[in-house]
Engineer: 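Sharing a structure below in structure tokens format, with a few things to ask.
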Amino acid sequence: MTNEQQRIEDLRQQLHLYNHQYYVLNQPTVSDQEFDALLRELQELEERHPELYDPNSPTQRVGSDLSSDFQSFRHTRPMLSLANTYNKEEVREFYNRVREGLQGEDFEICCELKFDGLSISLHYEEGRLLRAVTRGDGIQGDEVTANVRTIRSIPLQLAPGSWPRNFEIRGEILMPWTSFEALNREREASEEPLFANPRNAASGTLKSKQTSVVARRKLDAYLYSLLGDELPAEGHFENLQQARTWGFKISDAMRKVRSLEEVYDFIDYWDTARRDLPVATDGIVLKVNSLRQQRALGMTAKSPRWAIAYKFQAEQQSTILREVTFQVGRTGAVTPVANMDPVQLSGTVVRRATLNNADFIERLDLHLGDRVLVEKGGEIIPKIVGIDESSLSSAERGPRVEFIHRCPECGAELVRFEGEAAWYCPNDTHCPPQIKGRIEHFVSRRAMNIETLGPETIDELYSRRLIRDIADLYDLQVDQLNGQRGERQRSAQKTIQAIADSRAVPFERVLFALGIRFVGETMAKTLARAFRSIDELSRATLDDLLQVAGIGTVIAESVIRWFQDADNFMLIERLRSHGLQFQLSEEVLSAQSDRLAGQSVVISGVFTHHSRDEYKALIEQHGGKNVGSISKKTSFVLAGDNMGPAKLEKAQKLGVRIVSEDEFLAMLKSE
Ligand code: IVH
């Protein structure tokens, strides 16, 4: 080995160690300057020695701007989720079920925090990070190794120790509150849409196509389960303690207990103490500690019998209601929004919360100046859940909150549809937020995928009168997009190109993109397959529509109404002249049949020839329906490898046929 080679090796070892001390142990032993100097030295040496490239070198933590597409990866063992409980009674039931399941044998429970991020599976070989996979649908996920390498608390190279040659470790990727707030401040300054919570921010970040973006955003990771054939110990807790010595970040909050009372103590303690944690948690996880006992207890269809989650009550705060404003959405639905004195809630400052609808306001008998209870659960938008009754005195209350009768944006008189709680602005062709909302929907990823056109640009183009409807997008020119020079010009060109490219988007997605009420992604596919072209669909009568499986009166009437509108008719003609796809492609048409008409098919297990989604699409293309769970009505189960034992048992009990992947493909081919 040359001197430089040796130096590279040494620097890598040393920097791995410093990283671990800083990001996992929170105990740096060198100054930032010293660290940076060593890192720079390593970078320079590596540049001189490209033959010594190592994806796991500490220099790779900064990421690159190259775009990476994600491959799917089939999990070695499915990534299950946990059954939820919401009170101590349910926890006791779990505890008793475990006791019965283990037939009186003693057992220990490992109590842990439930981290609120996204789960990740990390594979190590010979002590080095080999790959990182997201949960995906639990059977297969996206390989995001390059992005995960930039997360400093994930060891790329394990500390010397008795780790198994091959193992998998699973855990949660999180964005700490401080990084989350800093990120949102930055986004606010550059008028980018804010992330609603750290979980969304972490997940958006991990799916980023540029590793350098991930590197900048400062994610963190806690690991909570070790899997493999040669684990160091027989207990889950003990295995994780070992993993900590190899360099993984394992929560200090884990406790092993032997009684229900101790479980309750753990819950009570963390119910409040969690507010001081640097990362978001949404509950507690309880796991039977012994791996042997875990195996003995086994799993149900979705989750293990040996573990359960206890979810914290959503945090509530009370504050004063100052004003109610009204927001008009893409569909014209008007949502009342409470504007309140700022209040700290689950780590963020909340000033606005939804008030649901007119009935809700009436039921509460809400007045301005009332002290209201705000709650933020797992969902994105905080909501008012009631009035803080203790604050109501006989003293005078402010004016009663009245729902509006006219649209706050365009002045049209609001209408209400039978059976619906919301009021709508009926002026869908001229009401600005509805128009902008429709354009935003049209360009969104699952629709026409013109992603570079964000809400701010749409807003600006709209106010400059350059776009009034979706067809106007196709007339836009680069220079109209503020694209005079440099970066802006490049991004304007990209946008114009994306708009042009969207003309190739298949018919079913165009149909979804049009934003017809109640026509979501799946319904758009159903309609496209049933009617094959926009012209046939526009000619369909109510009866024609109702003939199609899965279409009820609400959807049918909405489709009819949309096509009756002359403006929409014109819109289609303009889009057609721009070359959008208004009929099913030959490829899809020729692949269609009604071989599976009327059949309900359950998909289970892991497949070799196609992905689960592809099988789902195949079933639909041939007239069948993919359903989630097995019942007497199930026609057959399309079973891959490792079909869940519970599903298998159920299918056998109900006499439902099991069809292998090959048999299924043969079925579609046979005449
Ligand atoms: S164990 C089979 N432990 O919660 C058990 N999960 O619904 C697998 N989570 O998808 C999970 N903290 O993303 C486990 N300490 C913890 C956890 C945890 C958070 C997440 C995980 C999982 C979900 C379960």
Side-chain angles (χ1 to χ4, degrees), residues 75-86 90-91 94 98 109-122 132-142 144 148 151 153-154 168-176 197-200 202-203 206-207 219-228 231 235-237 239-241 243-244 248-257 263 266-267 270-271 273-274 277-291 293-312 377-378 642 644-646:
H75 295 298
T76 44
R77 300 170 181 79
M79 281 182 91
L80 303 171
S81 59
L82 295 168
N84 286 328
T85 58
Y86 297 90
E90 289 172 340
V91 170
F94 162 74
V98 168
I109 294 283
C110 183
C111 307
E112 302 173 15
L113 290 173
K114 184 166 189 301
F115 296 102
D116 194 11
L118 59 142
S119 32
I120 193 82
S121 146
L122 306 174
V133 190
T134 62
R135 178 173 188 276
D137 62 4
I139 304 291
Q140 55 184 25
D142 282 338
V144 289
V148 163
I151 303 175
S153 52
I154 291 182
E168 187 180 338
I169 192 162
R170 292 180 180 175
E172 203 82 352
I173 294 196
L174 301 147
M175 184 176 285
N197 53 41
R199 180 173 13 93
N200 290 8
S203 134
L206 203 65
K207 295 282 167 63
L219 296 174
D220 202 350
Y222 282 93
L223 287 311
Y224 50 64
S225 119
L226 188 67
L227 306 162
L231 301 185
H236 160 75
F237 180 85
N239 277 326
L240 288 182
Q241 302 312 312
R244 180 184 284 132
F248 291 104
K249 192 159 188 168
I250 310 289
S251 165
D252 291 326
M254 283 173 71
R255 289 284 174 278
K256 218 165 52 158
V257 304
V263 171
F266 188 87
I267 292 177
W270 284 108
D271 200 4
R274 72 187 181 109
L277 291 170
V279 292
T281 53
D282 61 344
I284 300 287
V285 182
L286 305 171
K287 299 174 184 167
V288 171
N289 194 53
S290 151
L291 301 186
Q293 290 180 333
Q294 288 185 2
R295 281 192 297 273
L297 289 164
M299 3 232 187
T300 68
K302 278 199 236 107
S303 51
R305 287 203 189 84
W306 46 265
I308 202 146
Y310 165 87
K311 300 275 272 203
F312 294 128
N642 298 338

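FYI, side chains are in, hydrogens and waters are out, and symmetry mates aren't considered; it's all heavy atoms of this structure. One-based numbering, in listed order, for ligands and for the atoms of each. Treat the numbers as computed from the prediction; the structure is a model and nothing was measured.
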Engineer: Tell me every residue that passes side-chain contact (heavy atoms from CB on, under 4.5 Å) with P78, counting only those two or more places apart in sequence or in another chain.
Structural biologist: L80, I139
Engineer: Can you tell if the side chain of N197 reaches within under 4.5 Å of the side chain of D116, non-hydrogen atoms only?
Structural biologist: no
Engineer: Present, as a list of atom pairs with distances to 0.1 Å, all nitrogen or oxygen contacts under 3.5 Å between ligand 1 and the protein.
Structural biologist:
unit_1: ligand 1; atom_1: 3 (N); unit_2: K287; atom_2: NZ; d: 3.0
unit_1: ligand 1; atom_1: 4 (O); unit_2: K114; atom_2: NZ; d: 3.4
unit_1: ligand 1; atom_1: 7 (O); unit_2: L82; atom_2: N; d: 3.0
unit_1: ligand 1; atom_1: 12 (N); unit_2: F115; atom_2: N; d: 3.0
unit_1: ligand 1; atom_1: 13 (O); unit_2: S119; atom_2: OG; d: 3.2
unit_1: ligand 1; atom_1: 13 (O); unit_2: E172; atom_2: OE1; d: 2.6
unit_1: ligand 1; atom_1: 13 (O); unit_2: E172; atom_2: OE2; d: 3.3
unit_1: ligand 1; atom_1: 13 (O); unit_2: Y224; atom_2: OH; d: 3.2
unit_1: ligand 1; atom_1: 15 (N); unit_2: E112; atom_2: OE1; d: 2.8
unit_1: ligand 1; atom_1: 15 (N); unit_2: L113; atom_2: O; d: 3.0

Engineer: Let me know which of I151, I169, I173, V133 forms a side-chain contact (heavy atoms from CB on, under 4.5 Å) with I120.
Structural biologist: I173
Engineer: Taking side chain to side chain donor-acceptor pair (under 3.5 Å) as the definition, give me every residue that meets it alongside N239, ordered by chain and number, with sequence neighbours left out.
Structural biologist: none
Engineer: Less than 6.0 angstrom from the centroid, inside 45 degrees of the normal: does K311 satisfy that with respect to the ring of Y86?
Structural biologist: no
Engineer: List in chain and number order the residues that pass ring-ring contact (aromatic ring centres under 6.0 Å, His included) with Y224, two or more places apart in sequence or in another chain; answer none if no residue qualifies.
Structural biologist: none
